[in-house]
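Written below as structure tokens is the structure these notes are about.
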Protein chains: 2
Amino acid sequence: MSKPPISDPRRTLTLRDVSEASGVSEMTVSRVLRNRGDVSDTTRERVLEAARRLGYVPNKIAGALASQRVNLVAVIIPSLSNMVFPEVMTGISDTLEDTGLQPVVGVTNYSPDREESVLYEMLSWRPSGVIIAGLEHTDASQAMLAQAGIPIVEIMDIDGSPVDSAVGISHRRAGRQMAEAIIAAGYRNIAFLGTMMPHDHRARKRLEGFEEALAKAGLSLVEREFYSGGSALLKGREMTEAVLTRNPQVDFLYYSNDMIGAGGLLYCLSKGIDVPGQIGLAGFNGVELLDGLPRKLATMDACRLEIGRVAAEIIAGKHASGTIGGEVIELFPTLQKGDTIRG
Amino acid sequence: MSKPPISDPRRTLTLRDVSEASGVSEMTVSRVLRNRGDVSDTTRERVLEAARRLGYVPNKIAGALASQRVNLVAVIIPSLSNMVFPEVMTGISDTLEDTGLQPVVGVTNYSPDREESVLYEMLSWRPSGVIIAGLEHTDASQAMLAQAGIPIVEIMDIDGSPVDSAVGISHRRAGRQMAEAIIAAGYRNIAFLGTMMPHDHRARKRLEGFEEALAKAGLSLVEREFYSGGSALLKGREMTEAVLTRNPQVDFLYYSNDMIGAGGLLYCLSKGIDVPGQIGLAGFNGVELLDGLPRKLATMDACRLEIGRVAAEIIAGKHASGTIGGEVIELFPTLQKGDTIRG
DNA sequence: ATGAAAGCGCTAACAC
DNA sequence: GTGTTAGCGCTTTCAT
């Protein structure tokens with residue numbers, strides 16, 4: 001197996017090819033292609049023409065190795081299939097757009113081990129920064145993040161200790177606030193319905209805050225129901241039926257996310273249940289997706305777009321605070337009572 | 001600004017550090033870390049221990065440059081926010097999982113220019129393959145794909161000429177099939193409702209196929225309605241109201257996707273319209289998400305998971321066909337009549 | 001089973 | 001404004 005000669009048509013083009021085709025040194029070609037340094041207009045034109053004609057695509061691997069600079073930002077999130085992270089991604093992309101930085105997404109499926117290996121893989125490309133969901137990671141992940149020597153932003157949650165910076169909301173507080181609103185509206189027999197996700201720490205914290213506020217009012221959950229897998233809308237419907245059948249005196253259903261909440265809402269409406277008179281409902285996330293439902297589900301916005309935006313600003317070094325790392329930025333979700341909490 | 005000395009604690013670790021810490025040559029350390037070649041168990045242990053202790057993360061940039069091998073697969077899709085591409089991603093990730101290849105996602109927002117720049121950016125990292133949605137690209141993109149010298153798989157659609165391989169369904173045929181089913185069920189005053197997306201070629205082809213089949217039956221659309229932006233569910237509701245108000249004799253609503261179809265369905269049900277007796281409805285995609293709706297919307301599955309799986313197999317070189325590139329693999333969606341087409 | 005030397009394709013730093 | 005030189009941190013190849 002001999003090495004292909006310089007004329008092998010299957011070989012990918014190098015700076016040198018553009019240099020030869022344009023009669024300009026590699027260095028100057030490099031300058032033109034990166035818009036760096038002074039290059040005369042005639043030279044620039046000749047180079048660009050040659051590069052275009054040949055169809056040259058620079059090799060960022062070599063460039064990155066030589067310059068010790070990589071324009072990649074690692075973004076590590078649990079899932080892409082639930083509306084919330086895509087919106088965070090949008091915030092990140094929008095902000096990074098004009099910084100020359102590029103997000104690279106890794107998905108962990110809520111598995112800490114998978115997160116660890118995705119992180120390892122991504123760090124091995126020496127990105128300029130890491131945006132990672134949550135504050136809970138394996139010890140090894142924590143160590144890698146701490147060692148990486150680049151800005152790290154942990155997003156979505158601020159109830160805990162970040163490695164570096166954090167941007168998010170307090171889910172514990174969010175749960176508390178929702179409980180308070182529900183209690184204030186006069187509901188007393190409250191059930192929780194969630195997806196079974198041992199590693200969804202944010203849902204867990206919301207539930208903790210929720211129960212804490214119930215306890216303070218001398219109440220406790222009369223029911224809990226967990227499911228996993230399948231269509232969230234359908235699961236919400238099924239769980240709701242199960243809960244209401246088992247426990248007809250339940251007067252409020254608190255869901256861990258809007259999709260299962262919507263399923264529950266559709267179930268209640270189809271059964272002719274008076275919402276929010278007889279039974280109230282609330283979800284979490286404020287997903288715009290659901291705006292077309294017959295009734296607007298009570299929910300709390302998770303500030304997804306804003307979280308993505310701020311995280312990206314920190315990585316890009318253009319966040320208002322100006323400080324270098326170590327900041328915790330708390331965002332404050334608004335409670336939308338919609339049509340499913342009375343009062 | 002002097003260059004940090006070898007002892008700078010902020011410098012990221014190199015093979016050399018592991019080599020010194022373990023007293024083993026860089027070359028052997030490299031062998032251990034890549035599981036290549038024969039290394040004695042004692043040496044291997046010493047190296048792994050040192051690497052772990054230091055928290056060494058290999059530099060893939062240097063590795064890729066030296067080996068001319070990159071374990072990345074570029075995946076270029078229009079959007080992450082509509083259920084369909086996340087599912088394709090799942091198919092891709094699942095299949096790539098045990099090949100050592102890693103997907104890297106780029107999002108184009110249905111803009112050909114953005115697609116071109118995302119593609120350029122990704123190719124500059126010299127990936128092992130490209131999976132890209134659609135068959136329509138700018139001339140420059142076409143040229144880059146053709147020149148890249150790596151496997152290219154265009155996905156979702158097969159109505160056109162692929163650069164290399166293609167995996168998808170015929171959207172024209174899908175539109176035709178749906179029209180035939182609708183006509184067979186006796187509907188005659190048919191309206192189309194879609195999102196306004198000049199660059200959504202697949203929706204366009206479905207509509208073309210649909211109208212073609214209508215024409216063959218001596219029919220034509222009595223209404224068309226396009227919207228853009230906002231919550232799909234809400235838009236579907238609004239568009240449906242507009243269409244039915246303007247044209248009360250309409251007896252079938254064909255939507256370009258399931259989400260707006262679901263909005264329309266909810267609208268019809270809330271208005272007490274007899275579905276599918278008085279009015280029938282159909283969407284497209286077969287999104288599982290909607291399974292909890294009061295009635296099951298007629299739709300066609302777009303084979304999303306399977307498309308992702310097959311595309312990844314082709315890139316990984318383990319597709320059944322065994323051929324090297326240039327294959328067009330057509331998948332066949334099944335029409336699910338659900339509860340919204342009579343008969 | 002292990003090591004030494006030569007690059008991968010580019011850019012930083014310096015000359016001219 | 002343009003060219004030259006010396007690496008970036010690894011892996012390939014070949015020697016031992």
Side-chain angles (χ1 to χ4, degrees), chain A residues 1-6 8 11-48 50-51 54 56-71 100 123-126 149, chain B residues 1-6 8 11-47 50-51 54 56-71 100 123-127 149:
Chain A
M1 203 76 142
S2 76
K3 181 200 251 186
I6 217 76
D8 182 336
R11 183 182 60 89
T12 91
L13 271 22
T14 70
L15 259 192
R16 181 191 194 121
D17 296 302
V18 182
S19 165
E20 285 170 357
S22 63
V24 174
S25 78
E26 289 187 41
M27 197 52 233
T28 299
V29 171
S30 169
R31 288 194 181 95
V32 171
L33 264 21
R34 288 176 299 143
N35 280 316
R36 281 254 189 306
D38 292 329
V39 181
S40 73
D41 285 353
T42 38
T43 319
R44 152 168 289 106
E45 270 321 307
R46 266 207 294 170
V47 169
L48 288 177
L54 296 176
Y56 171 71
V57 177
N59 185 331
K60 288 225 179 197
I61 296 175
L65 183 61
S67 67
Q68 306 282 67
R69 232 190 306 285
V70 178
N71 71 335
L123 286 181
S124 73
W125 287 100
R126 300 291 187 266
Chain B
M1 204 76 142
S2 75
K3 183 199 250 187
I6 218 78
D8 181 337
R11 183 182 59 87
T12 92
L13 271 23
T14 69
L15 260 193
R16 182 192 193 122
D17 296 302
V18 182
S19 164
E20 285 171 357
S22 62
V24 174
S25 78
E26 290 187 41
M27 198 49 238
T28 300
V29 171
S30 169
R31 287 196 181 94
V32 171
L33 265 20
R34 287 176 298 142
N35 280 317
R36 281 258 188 305
D38 292 330
V39 181
S40 74
D41 284 352
T42 39
T43 319
R44 152 168 287 107
E45 270 320 307
R46 268 208 292 168
V47 169
L54 296 176
Y56 171 71
V57 177
N59 184 331
K60 288 226 180 196
I61 296 175
L65 184 61
S67 67
Q68 307 281 67
R69 234 190 304 285
V70 178
N71 70 336
L123 286 181
S124 74
W125 287 100
R126 300 291 186 265

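Lettering of chains follows the sequences in order, A, B, ..., and the numbering in each one begins at 1. Values below: every heavy atom of this structure, side chains too, minus hydrogens, waters and symmetry copies.
- Between Glu45(A) atom CD and dG1(D) atom P the separation is 16 Å, expressed in whole Å.
- Annotation: side chain of Tyr56(A) is not in contact with side chain of Val29(A) (no heavy-atom distance under 4.5 Å).
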Exercise. Which nucleotides of nucleotides 9-16 of chain D have their base under 4.0 Å from a protein heavy atom (B), which only their sugar-phosphate (S), and which neither (-), written as one string 5' to 3'?
Worked result: BBBB----
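- A search for side-chain contact (heavy atoms from CB on, under 4.5 Å) contacts involving Ala62(A) returns Asn59(A), Leu65(B), not counting sequence neighbours.
- Residues Leu54(B) and Asp17(B) share a closest heavy-atom pair of CD1-O, 3.8 Å.
- Take Ser40(A) and apply the side chain to side chain donor-acceptor pair (under 3.5 Å) test, not counting sequence neighbours, and it matches Thr42(A), Thr43(A).
- In this structure, Val24(B) and Arg44(B) have side chains that are not in contact, with every pair of non-hydrogen atoms separated by 4.5 Å or more.
- One finds a side-chain N or O of Thr43(A) lying less than 4.0 angstrom from the OP1 or OP2 phosphate oxygen of dT2(D).
- Between Ser25(A) and dG3(D) there is a side-chain N or O to OP1 or OP2 distance below 4.0 Å.
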